[in-house]
Amino acid sequence: MQIIRKIPVKQVLTETSRELLIERFEKQSSQLDQECRQLAFEQKKLERKPGMSKQEVEKRFSKEISRRKEQMRWITGQLSQLSILPDHSELEIDEVEAILTVEEGDDWKTAVTEQQIIIKDGKVIRAR
């Protein structure tokens, strides 16, 4: 039987990868901030439109803005962790889906939980 499972991708932290991750996180944060401002603008525009319920518009937009602000807080936490982690630490940066073949007699824990991909400076160094 084949199953689809998410496998973590871990980055070995080097000076180069640290700089790239910081740049990536800052870019994501900037994008999310821009989206929040755009959503707030759209919210004000819709609230002024006749026939639109101000409460309904506010509810819908505040949910989206809150979700983006939560992502920004997560990114801020990741940036602070990057500044204190030593080089050669493994940092989970992504997840990918993989197809696993499971057969009778396989050890479930080994087949499902111990899979991961380790990369260093953009190259896969281990797939375990």
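FYI, the numbering just counts along the sequence from 1.
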Would you indicate whether the side-chain heavy atoms of Asp33 and Arg37 approach each other to under 4.5 Å?
-> yes
Are any of the side-chain nitrogens in Glu70 or Arg73 under 4.0 Å away from the carboxylate oxygens of its partner?
-> yes
Taking atom CG of Leu32 and atom CD1 of Ile65, what is their separation to the nearest 0.5 Å?
-> 12.0 Å
Report yes or no: do Val124 and Val9 belong to one cluster of Ile/Leu/Val/Met/Phe/Trp/Tyr joined by side chain heavy-atom distances under 4.5 Å?
-> yes
Any donor and acceptor pair, going by atom type alone, linking the side chain of Thr76 with main-chain N or O of Met72 inside 3.5 Å?
-> yes
Distance-minimising heavy-atom pair for Gln116 and Ile7 = CA-CG2, 3.5 Å
Leu85 with Ile93, same ILVMFWY side-chain cluster at under 4.5 Å = yes
Counting N and O atoms only, with roles assigned by atom type, does the side chain of Ser66 sit under 3.5 Å from a partner on the main chain of Ser62, one being a donor and the other an acceptor?
-> yes
Is Leu79 reachable from Trp74 through a run of I, L, V, M, F, W or Y residues, each pair having side-chain heavy atoms under 4.5 Å apart?
-> yes
Does the side chain of Arg18 come within less than 4.5 Å of Asp87's, by heavy atoms?
-> yes
Taking atom CD of Glu92 as the centre, report whether more than 12 heavy atoms of other residues, nucleotides or ligands fall under 6.0 Å from it.
-> yes
Would Gln34 and Gln38 count as having a side-chain donor-acceptor pair, cut-off 3.5 Å?
-> no
Does Gln81 reach the side chain of Leu91, with side-chain heavy atoms less than 4.5 Å apart?
-> no
Joint hydrophobic cluster, Ile22 plus Ile119, side-chain heavy atoms closer than 4.5 Å | yes
Any idea which heavy atoms bring Ser17 and Val12 closest together, and the distance?
-> OG-O, 3.4 Å
dist Lys10:NZ -> Ile125:CD1 (nearest 0.5 Å) comes out at 12.0 Å
Determine whether more than 12 heavy atoms belonging to other residues, nucleotides or ligands lie under 6.0 Å from atom CD1 of Ile4.
-> no
Which distance, rounded to the nearest 0.5 Å, do you find between the CD of Glu35 and the CD of Glu42?
-> 12.5 Å
Kindly compute the distance separating OG1 (Thr14) from CD (Glu19), expressed to the nearest 0.5 Å.
-> 8.5 Å
Looking at Glu47 and Val57, what are the two nearest heavy atoms and their distance?
-> CG-CG1, 3.9 Å
Leu39 versus Phe61, closest heavy-atom pair with distance = O-CD2, 3.3 Å
Leu82 versus Leu13: any side-chain heavy-atom pair under 4.5 Å?
-> yes
One should read off an interatomic distance between Arg67 CZ and Gln71 CD, to the nearest 0.5 angstrom, of 5.5 Å
Presence of salt bridge, Glu64 and Arg60, under 4.0 angstrom | no
When rounded to the nearest 0.5 Å, the distance separating OG1 of Thr16 from CG of Leu21 is 11.0 Å
